[in-house]
Number of protein chains: 2
Amino acid sequence: MVSARATPPSLLGLSTYLLSRVGKTARSRLALRLSERGLRLWDMAVLAALADFGPHAQRDLVARLGVDPSDMAKVVEQLAAGGHVERDRDPEDRRRVLVTLTPAGRTLLTELDAEARAVQDEVLAPLDAEERRVLRELLLRVHGPEGAPYAP
Amino acid sequence: MVSARATPPSLLGLSTYLLSRVGKTARSRLALRLSERGLRLWDMAVLAALADFGPHAQRDLVARLGVDPSDMAKVVEQLAAGGHVERDRDPEDRRRVLVTLTPAGRTLLTELDAEARAVQDEVLAPLDAEERRVLRELLLRVHGPEGAPYAP
DNA sequence: TCCTATGGTGGGTGTCGACCCACTATCTGT
DNA sequence: ACAGATAGTGGGTCGACACCCACCATAGGA
């Protein structure tokens, strides 16, 4: 007899379903860890952007990460309050706010990265190292190097 | 120069991030299609469970799909209103409601399945058939045949 | 200098999914 | 027949997320 908890094969045959399901657990587990520090996913994304590409005007963070400007203001506000980024007016255009990663922010990002890898180990437990590599490769191709092209 | 829209490599190196991102687009695109018919993802899951395993008591649907009983009631109510399932009291235990797929429901599921595959073609466009197969295989392993074990 | 556009901020809205509680109907064991 | 468990339902809450608008400061061109 089939387990009364088995997922319907009709759904398991759909990559769409698997992606959304697995993606959801990955997302929520990571979000859980971050929330223990009072952070959300966007905070991490902003820190990563600053670490990888250097200081950004807030509008450039908006463009890069595809968030609403108003929401970005709130994220940056929170990160600044925690001492993880610095906000300075751009002297060349005093409308702009230059956001810079502080050493504390860099440290935080390192920790968050470790958290993310821990989550990864949980979620991808059934796969060996090689399989994980293949999976990451495929996901990267799907995602596209430029971020998901938004074609409505 | 690097595109001002490129996603931070720090994030692209994390399968956690990729999974959550790609999963989210898959999820929301499918949800969009379903919402055009006034349906949600759970509706499809319920139809699939009924098609694959035959009639269920509502409580068994709850156990199989891991939804809140109260929410399941609403989903089933909606499906019944649309004529896609039938609800009958179980004569052997009149507390139970037996949910059965109607022919209309089966037809609907077929259509929804086609929609899901269309979404799949959009999302997985960068991959060829073999790569898609590998991806599906890996996701299936990650998901586990019994559905994600929920270990809090 | 005035007009318009741009960058940023604060506040509010709508939706969504997950969850929880109170209540009714029914069953089961004593 | 009664007590306690179980199945389903209706109603409401909560947090996350995306989105939108009004507003202020500043810049840059006519």
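Values in this document were obtained by computation on a predicted structure and should not be read as measured data. In what follows, every chain begins at residue 1, and chains take the letters A, B, ... in the order their sequences are listed.
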Of the candidates C/dA18, C/dT26, D/dC17, the side chain of B/D71 sits closest to C/dA18

Q. Taking N and O atoms by type only, does the side chain of B/K74 place a donor or acceptor under 3.5 Å from a partner on the base of D/dG11?
A. yes

Quick note, A/Q58 side chain, CB onward, closest among D/dC19, C/dC20, C/dG8 is C/dG8

- [ ] Describe the nucleic acid contact of B/R89 in one word from base, sugar-phosphate, nothing, applying a heavy-atom distance below 4.0 Å.
- [x] nothing

Side-chain contact check for A/R87: nearest option of D/dG11, D/dG8, C/dT9 is C/dT9

Q) Thinking salt bridges, do A/K74 and A/D68 make one under a 4.0 Å N-O criterion? A) no

In this structure, are over 12 heavy atoms from other groups packed under 6.0 Å from B/R106 atom CZ? no

Side-chain contact check for A/K24: nearest option of C/dA18, D/dT9, C/dG11 is C/dA18

When rounded to whole Å, the CG to P distance for the pair A/L39 and D/dA16 reads 12 Å

Quick note, B/R95 side chain, CB onward, closest among D/dA7, D/dG11, C/dG11 is D/dA7

At 4.0 Å (heavy atoms only), tell me whether B/R27 reaches a base, stays on the sugar-phosphate, or touches nothing. nothing

To the nearest angstrom, the CD-P distance between A/Q78 and D/dC17 comes to 12 Å

message = Between the base of D/dC20 and the side chain of A/S70, is one N or O donor paired with an acceptor at under 3.5 angstrom?
response = yes

Original post:
Any ion pair linking B/R33 and B/E36 (charged N to carboxylate O, less than 4.0 Å)?
Top reply: no

Quick note, A/R59 side chain, CB onward, closest among D/dC17, D/dG10, C/dG8 is C/dG8

In whole angstroms, the gap separating P of C/dC16 from CG of B/L34 amounts to 12 Å

Contacts of A/S35 and B/D60 projected onto DNA chain D by closest heavy atom; the upstream (5') one is B/D60

Between CG of B/D68 and P of C/dC21 the distance, given in whole Å, is 11 Å

Q.
Between B/D113 and B/R117, does any NZ, NE, NH1 or NH2 come within less than 4.0 Å of an OD or OE carboxylate oxygen?
A. yes

Atom CZ of A/R40 and atom P of D/dA18 are separated, to the nearest Å, by 11 Å

Residues pairing under side-chain hydrogen bond (donor to acceptor under 3.5 Å, both in side chains) where one sits in residues 40-58 of chain A, two or more places apart or in two chains, turn out to be A/R40-A/Q78, A/D52-B/S10, A/H56-A/R64

From CG of A/L61 across to P of C/dG7 the rounded distance in Å is 13 Å

From CG of B/D43 across to C1' of C/dG17 the rounded distance in Å is 13 Å

From the candidates D/dA7, C/dA18, C/dG11, the one with an atom nearest any side-chain atom of B/R96 is D/dA7

From CE of A/M72 across to P of C/dT9 the rounded distance in Å is 11 Å

Looking at B/E92, I'd like to know if its CD atom is crowded, meaning that more than 12 non-hydrogen atoms belonging to other residues, nucleotides or ligands lie closer than 6.0 Å.
no

Per nearest nucleotide of DNA chain D, the residue lying toward the 5' end, A/E92 or A/A31, is A/A31

Does the side chain of A/W42 get closer than 4.0 angstrom to OP1 or OP2 of D/dC17 through an N or O atom? no

Just to be sure I understand the rule, does B/D93 reach a base, reach only the sugar-phosphate, or reach nothing, if contact means heavy atoms closer than 4.0 Å?
sugar-phosphate

